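The structure displayed is predicted, hence computed values, not measured ones. All chains are named by letter (A, B, ...) in the order of the sequence lines, taking the proteins before the strands, and each is independently numbered beginning at 1.
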Protein chains: 2
Amino acid sequence: MKLQRRNSKQRELIYETIHSNKVHPTALEVYERLKKEMPSLSLGNLYRNIAILLEEGRIQGGEFGSGIVRYDAVTDSHYHFVCERCGTVSDFAMPAQNRITAAARRYSPHRIAGHTIRFYGVCADCAAGEPVK
Amino acid sequence: MKLQRRNSKQRELIYETIHSNKVHPTALEVYERLKKEMPSLSLGNLYRNIAILLEEGRIQGGEFGSGIVRYDAVTDSHYHFVCERCGTVSDFAMPAQNRITAAARRYSPHRIAGHTIRFYGVCADCAAGEPVK
DNA sequence: TTACTTGCAAAGATTTTGCATCTGT
DNA sequence: ACAGATGCAAAATCTTTGCAAGTAA
């Protein structure tokens, strides 16, 4: 039988922090940020709630070259851009290319449900000579 | 000044293992596999050599949902397919969609160098009712 | 020889878990 | 009250590093 979720201040704060954060924070970054407004929050509980949010599909996780997983509130499908110089990850406002999934089905024996695209290069700030970090 | 690399049996074995492995192994999987033919290999050295191979661009790393980095020998650019049921990662024989990078440039202020696409769904084996694990 | 490599062990960093306690419903 | 949630600390995983010894060039 399925687990009955109940309201949790911690979980909502965690979600809000990820949701309102443009930079796709790591678990520890979320923890640092939340420590201020909820000093009692434990790391173990943070990870537990991140797992729940992932399972519920409210957030998604991804690794973008650093080896550490970064989280992203799921609003609608979108792509990502990763700066190879400073490592920042940003959302990409390009509409989903549904034709790509359709095209892919012609090349594969697998049952393809969808796709994600990650663009990489140098972000505008870095290109403008901004501080590398 | 740049480091002068020299031949290393270990490094080549590690590369070969990743190169000849269709399943995009994790570092520990490479280690397990190599333990047989080179019992003296140490984990620390494995990681060191993986870092070197990455730096040299001979392999690439990526996380595909499990949170653990998987490695892939770089031959030419290609996409990936990730089975959401059994977690296997396979190469995708679809030609690179260069137009996607071109289209993306119109949506972004960043300097876009390229892209990667990851398709997801259920692999042929799982779809055929194969054992889930 | 010189400088890169290696194995080993210790240390780091990140994530997961057991358990007693607390809390939403 | 009951079942899920929390904090804490210990443990498990995965990765990095220091160091003395080994080895390609």
Anything under 3.5 Å between a protein N or O and an N or O of nucleotides 18-21 of chain C, put it in a table, one pair a line.
unit_1	atom_1	unit_2	atom_2	d
dG18(C)	O6	Arg48(A)	NH1	3.3

Which atom pairs link the protein and nucleotides 21-24 of chain D when you take only N or O atoms and keep those under 3.5 Å?
unit_1	atom_1	unit_2	atom_2	d
dT23(D)	O2	Arg6(B)	NH1	3.0
dA24(D)	N3	Arg6(B)	NH1	3.3
dA24(D)	N3	Arg6(B)	NH2	3.4

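In terms of modelled atom types and a separation under 3.5 Å, the side chain of Arg70(A) and the main chain of His24(A) share a donor-acceptor contact.
Going from atom CG of Asn49(A) over to atom P of dA5(D) covers 8 Å, rounded to whole Å. If you measure from atom NZ of Lys9(B) to atom P of dC4(C), you get 23 Å, rounded to the nearest angstrom. Atom CG in Leu46(B) sits about 14 Å away from atom P in dC8(C), given to the nearest Å. Per the geometry, CZ belonging to Arg70(A) stands 15 Å off C1' belonging to dA13(C), to the nearest Å. The distance from atom CD of Glu55(A) to atom C1' of dG4(D) is 13 Å, rounded to the nearest whole Å. Look at CD1 on Ile14(B): it is 14 Å from P on dT15(D), rounded to the nearest Å.
Contact between the side-chain N/O atoms of Gln10(A) and the OP1/OP2 oxygens of dT23(C) is not found at any separation under 4.0 Å. OP1 or OP2 of dT16(C) has not a single side-chain nitrogen or oxygen of Asn45(A) nearer than 4.0 Å. Checking the phosphate oxygens (OP1, OP2) of dG4(D), no side-chain nitrogen or oxygen of Arg11(A) falls inside 4.0 Å.
Side chains of Tyr71(A) and Ile50(A) form a contact here, defined as non-hydrogen atoms less than 4.5 Å apart.
His80(B) and Phe64(B) have perpendicular rings, their planes meeting at more than 60° on a 0 to 90° scale where under 30° would count as parallel. Between Tyr15(A) and His19(A), the ring planes lie parallel to each other; the angle is under 30°, not in the 30° to 60° tilted range.
Of the residues near DNA chain C, Ile68(A) and Ser42(B), the one whose nearest nucleotide (by heavy atom distance) lies more toward the 5' end is Ser42(B).
The stretch residues 29-40 of chain A comes close to DNA chain D through Ser40(A), each having a heavy atom under 4.0 Å from the strand.
Heavy atoms from other residues, nucleotides or ligands lying under 6.0 Å from CZ of Arg105(A) number more than 12. Atom CZ of Arg5(B) sits in a crowded spot, with more than 12 heavy atoms from other residues, nucleotides or ligands closer than 6.0 Å.
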